[in-house]
Number of protein chains: 4
Amino acid sequence: MKKKKVPSMVKDQQLIKKRREQMIKAAVILFKEKGFHRTTTREIAKESGFSIGTLYEYIGSKEDILYLVCDAIYDEVSEKLKKRLKQDVEGIDSLKAAIGALFKVIDDLQDEVLVMYQESKSLPKEALAYVLQKEIDMTAMIEHVIQDCVNLGHLNLSDQEVKLAAHNILVQAHMWTFRRWAVQKSYSLEEYIELQTQLILEGLLKE
Amino acid sequence: MKKKKVPSMVKDQQLIKKRREQMIKAAVILFKEKGFHRTTTREIAKESGFSIGTLYEYIGSKEDILYLVCDAIYDEVSEKLKKRLKQDVEGIDSLKAAIGALFKVIDDLQDEVLVMYQESKSLPKEALAYVLQKEIDMTAMIEHVIQDCVNLGHLNLSDQEVKLAAHNILVQAHMWTFRRWAVQKSYSLEEYIELQTQLILEGLLKE
Amino acid sequence: MKKKKVPSMVKDQQLIKKRREQMIKAAVILFKEKGFHRTTTREIAKESGFSIGTLYEYIGSKEDILYLVCDAIYDEVSEKLKKRLKQDVEGIDSLKAAIGALFKVIDDLQDEVLVMYQESKSLPKEALAYVLQKEIDMTAMIEHVIQDCVNLGHLNLSDQEVKLAAHNILVQAHMWTFRRWAVQKSYSLEEYIELQTQLILEGLLKE
Amino acid sequence: MKKKKVPSMVKDQQLIKKRREQMIKAAVILFKEKGFHRTTTREIAKESGFSIGTLYEYIGSKEDILYLVCDAIYDEVSEKLKKRLKQDVEGIDSLKAAIGALFKVIDDLQDEVLVMYQESKSLPKEALAYVLQKEIDMTAMIEHVIQDCVNLGHLNLSDQEVKLAAHNILVQAHMWTFRRWAVQKSYSLEEYIELQTQLILEGLLKE
DNA sequence: GATGAATGAGTCTTCATTCAT
DNA sequence: TATGAATGAAGACTCATTCAT
């Protein structure tokens with residue numbers, strides 16, 4: 001699954017990167033506020049700080065912006081997560097740490113994650129597949145942490161259970177954003193992490 | 001939170017009901033395929049089996065269709081769930097039954113639930129609030145089942161834990177549709193129910 | 001210039017007359033409020049007290065309603081004017097009386113006259129010609145009154161002057177409605193009649 | 001009463017002016033032929049020489065075009081009138097000159113004035129108030145000319161009479177367009193001016 | 001490279017009119 | 001005769017995209 005090439009009329013790679021970062025930042029703000037379809041390219045250009053003509057020097061179509069946004073968000077989540085996971089604990093504690101790290105990263109990038117959750121479905125087929133693969137990769141990251149616990153004999157789970165637990169953990173992290181209207185009203189982030197970690201671990205720590 | 005009144009030029013309530021059912025059915029098919037924004041009112045009319053003029057005899061705007069769709073889906077989920085829950089078991093078994101029932105209902109109405117998940121954000125503010133309330137109500141239903149177990153002394157959970165568990169159960173049910181590309185590839189519905197029920201219950205059955 | 005035949009599916013002439021009167025009354029109210037083009041046939045039917053289907057039993061098209069309205073207004077103005085003119089004065093006094101009568105009739109039928117002034121241009125060609133002819137006839141009525149004064153030697157005017165004076169009188173009467181925002185703020189009807197009569201007569205009473 | 005701001009997406013003020021002039025010219029032609037409501041925005045765009053998209057770069061709604069038209073006509077009438085009034089006569093002669101000037105200007109801008117007369121009622125409330133104010137201003141201009149004669153002792157009129165005479169003169173000028181089907185058949189412009197001037201002045205020159 | 005005016009296909013919505021009951 | 005549901009042509013307006021400067 002290769003990174004899709006977004007066409008640009010401009011040669012200077014440095015400039016391309018800079019302009020696209022401006023676009024992505026602007027797009028996240030606008031998409032969060034009004035969604036992908038209700039946001040116009042003109043608005044994105046304006047919020048980015050340049051003209052509509054310039055916008056189209058760096059992308060081929062409006063959908064490219066959405067793709068750029070989703071791709072950037074995944075990269076940022078991955079990167080931040082990896083940074084947080086560089087801890088030297090093992091076993092159950094490493095799983096606890098991973099859950100905590102994941103939840104915190106998602107909380108950190110709340111708006112971005114929410115946008116991705118709500119709008120990625122509007123991606124063209126191929127781009128969607130690429131983004132889905134990233135989600136699968138991320139699930140695999142969590143899976144590995146759990147599997148390590150199993151390998152160490154701290155958990156006793158089948159492969160199926162490992163995979164499902166990973167999905168659950170990821171979705172419970174996302175839930176923090178897409179059910180914010182309920183969960184963020186009832187719990188602080190710390191409480192949420194505490195409670196969810198407990199429920200998850202008890203679930204896995206069966207005989 | 002009152003049911004929003006969708007305007008109609010037609011007087012015959014029977015007919016309104018019938019036509020709107022046609023519209024909703026058509027809309028779900030189309031929204032699932034291309035999303036709310038990419039579906040035109042003309043397409044909905046055509047798929048419904050009548051003209052664009054007739055469509056607008058039964059609604060005030062395109063957004064009304066989305067509202068009608070979301071409202072109908074919730075009603076259907078609720079109704080089916082209530083029907084399945086009329087079992088005479090108690091305690092943990094009733095919770096198991098509820099989880100199974102919920103998951104089966106969601107599986108049954110997969111397309112509908114997916115559409116609602118992806119498009120309800122496009123509802124106008126007020127309608128969104130109404131739909132959100134329905135989601136809250138449904139969460140409360142699950143909460144009650146769990147609370148009953150607590151009251152019977154079969155579970156030992158704080159209110160916060162009860163509420164969170166209810167959210168988790170609901171989201172895990174929805175997950176079956178919005179992560180279908182992963183979970184439905186790895187598990188049959190029965191396996192999924194079995195495994196999730198286990199994970200949830202173990203999580204709740206702590207000392 | 002023949003009265004245009006407005007088609008009807010109904011035979012009973014009595015009923016046609018009754019229904020059309022209902023329609024005209026309703027239409028005047030609505031046209032005054034929002035103009036011919038912004039008034040829908042449905043609204044006219046509703047205001048008339050019957051269904052849209054019934055409306056079309058008594059006319060062939062929306063424009064027919066406008067024609068019916070204009071025609072009725074002219075007939076009413078004419079009739080009322082004739083009634084008021086049945087006075088047995090002669091010469092200048094009869095002209096004064098005519099002016100007063102005309103102004104009072106127009107004041108009486110203000111809304112109707114205004115509607116006719118503003119909307120008759122939307123009549124189809126042929127109907128417009130018919131209505132224009134009625135206006136010409138009415139001008140002729142005033143002309144005759146002036147001409148009588150000339151014939152009696154009380155005024156000394158050329159045919160051209162007689163005709164122009166008639167137009168002026170009529171337009172000054174209409175002015176009472178279509179410049180109401182100015183003239184009805186500055187003058188009472190009596191003042192207006194008094195002042196205009198004076199200006200007109202002084203104009204005609206030259207050596 | 002401020003000039004209403006018509007929105008435009010284009011920045012270049014020069015261009016806005018040019019394009020709007022094209023639009024106004026096109027609109028007058030079309031409105032005269034078929035009225036405001038029967039003229040489509042597409043037709044206006046085409047007659048203006050650009051696309052429908054471009055039209056909407058320079059206005060916010062169809063009604064804006066009507067407003068632009070009415071505003072432009074008033075400005076043109078005012079300007080032309082002021083130019084013609086720069087004569088160095090005094091007293092009754094200046095009034096005669098003013099009447100002649102007004103009538104000639106109206107004749108010059110016949111189509112425009114007629115359009116404004118027939119369509120301005122379709123303006124939205126606020127814009128209508130603005131246009132009415134312009135009409136009031138113009139009436140005041142005539143009033144001043146008459147009042148000067150009174151001040152010089154050449155006419156002996158009350159304020160009420162002065163105001164009413166001004167209204168009459170203006171309406172008689174407009175009459176030349178909105179009763180063209182009658183008056184322009186019977187009189188040449190010169191005759192019309194000659195006769196009306198006479199009738200008006202005799203009316204005012206009472207003892 | 002940057003700009004922004006121009007384009008026109010596409011969208012929602014209205015409403016005069018018809019016709020089966 | 002009366003009704004009102006059905007129709008679809010037509011209209012106002014939007015917005016992604018292009019291209020000359």
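By convention in this document, chain letters (A, B, ...) are assigned in the order of the sequence lines, proteins followed by strands, and residues within each chain are numbered from 1. Note that these values count all heavy atoms, side chains included, but never hydrogens, waters or copies made by symmetry.
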Does [X] put a side-chain nitrogen or oxygen below 4.0 Å from OP1 or OP2 of [N]?
| X | N | result |
| --- | --- | --- |
| Thr41(B) | dC12(E) | yes |
| Arg19(C) | dA2(F) | yes |
| Thr54(D) | dT7(E) | yes |

Would you mind telling me which of [options] lies closest to the side-chain atoms of [X]?
| X | options | result |
| --- | --- | --- |
| Tyr56(D) | dA16(E), dC13(F), dA5(F) | dC13(F) |
| Ser51(C) | dG10(E), dT13(E), dG4(F) | dG4(F) |
| Tyr58(C) | dA5(F), dT1(F), dA16(F) | dT1(F) |
| Lys62(A) | dA6(E), dA16(F), dT13(E) | dA16(F) |
| Ser61(A) | dA5(F), dT14(E), dT17(F) | dT17(F) |
| Thr40(A) | dG4(E), dT7(E), dA16(F) | dA16(F) |
| Arg42(D) | dG10(E), dT1(F), dC15(E) | dG10(E) |
| Ile52(A) | dG1(E), dG4(E), dA2(F) | dG4(E) |

Mind calculating the distance between [atom1] ([X]) and [atom2] ([N]) to the nearest angstrom?
| X | N | atom1 | atom2 | value |
| --- | --- | --- | --- | --- |
| Phe50(B) | dA20(E) | CZ | P | 20 Å |
| Leu15(D) | dG4(E) | CG | P | 13 Å |
| Gln22(B) | dA5(F) | CD | P | 15 Å |
| Ile16(D) | dA6(E) | CD1 | C1' | 15 Å |
| Ile44(A) | dT17(F) | CD1 | C1' | 13 Å |
| Lys46(B) | dT11(E) | NZ | P | 14 Å |
| Met9(B) | dT7(F) | CE | P | 17 Å |
| Gln14(A) | dG1(E) | CD | P | 12 Å |

Taking only Lys NZ, Arg NE, NH1 and NH2, and the carboxylate oxygens of Asp or Glu, determine whether [X] and [Y] approach each other closer than 4.0 Å.
| X | Y | result |
| --- | --- | --- |
| Lys34(C) | Glu43(C) | yes |
| Arg42(A) | Glu57(D) | yes |
| Glu126(A) | Lys3(A) | no |

Problem - Whichever of Gly53(D) and His37(C) has its nearest DNA chain E nucleotide further upstream toward 5' - result: Gly53(D)
Exercise for the section: Check the angle between the aromatic planes of Tyr130(C) and Tyr67(C) and answer parallel, tilted or perpendicular using the 30° and 60° thresholds. Expected result: tilted
Exercise for the section: For Leu55(B) and for Glu57(A), locate the closest nucleotide of DNA chain F by heavy-atom distance; then report the residue assigned to the nucleotide nearer the 5' terminus. Expected result: Leu55(B)
Practice task
Using the closest heavy atom to pick a nucleotide of DNA chain F for each, name whichever of Thr39(A) or Asp12(B) lands nearer the 5' end.
Solution key: Asp12(B)
Problem - Heavy-atom pair of closest approach, residues Ser48(C) and Ala26(C) - result: OG-CB, 3.4 Å
Handout entry: Pair assignment for dT21(F), Watson-Crick or G-U wobble, requiring both distances under 3.5 Å
Key = dA2(E)
Exercise for the section: Would you check if the side chain of Arg20(D) reaches a backbone N or O of Tyr58(D) as a donor-acceptor pair within less than 3.5 Å? Expected result: yes
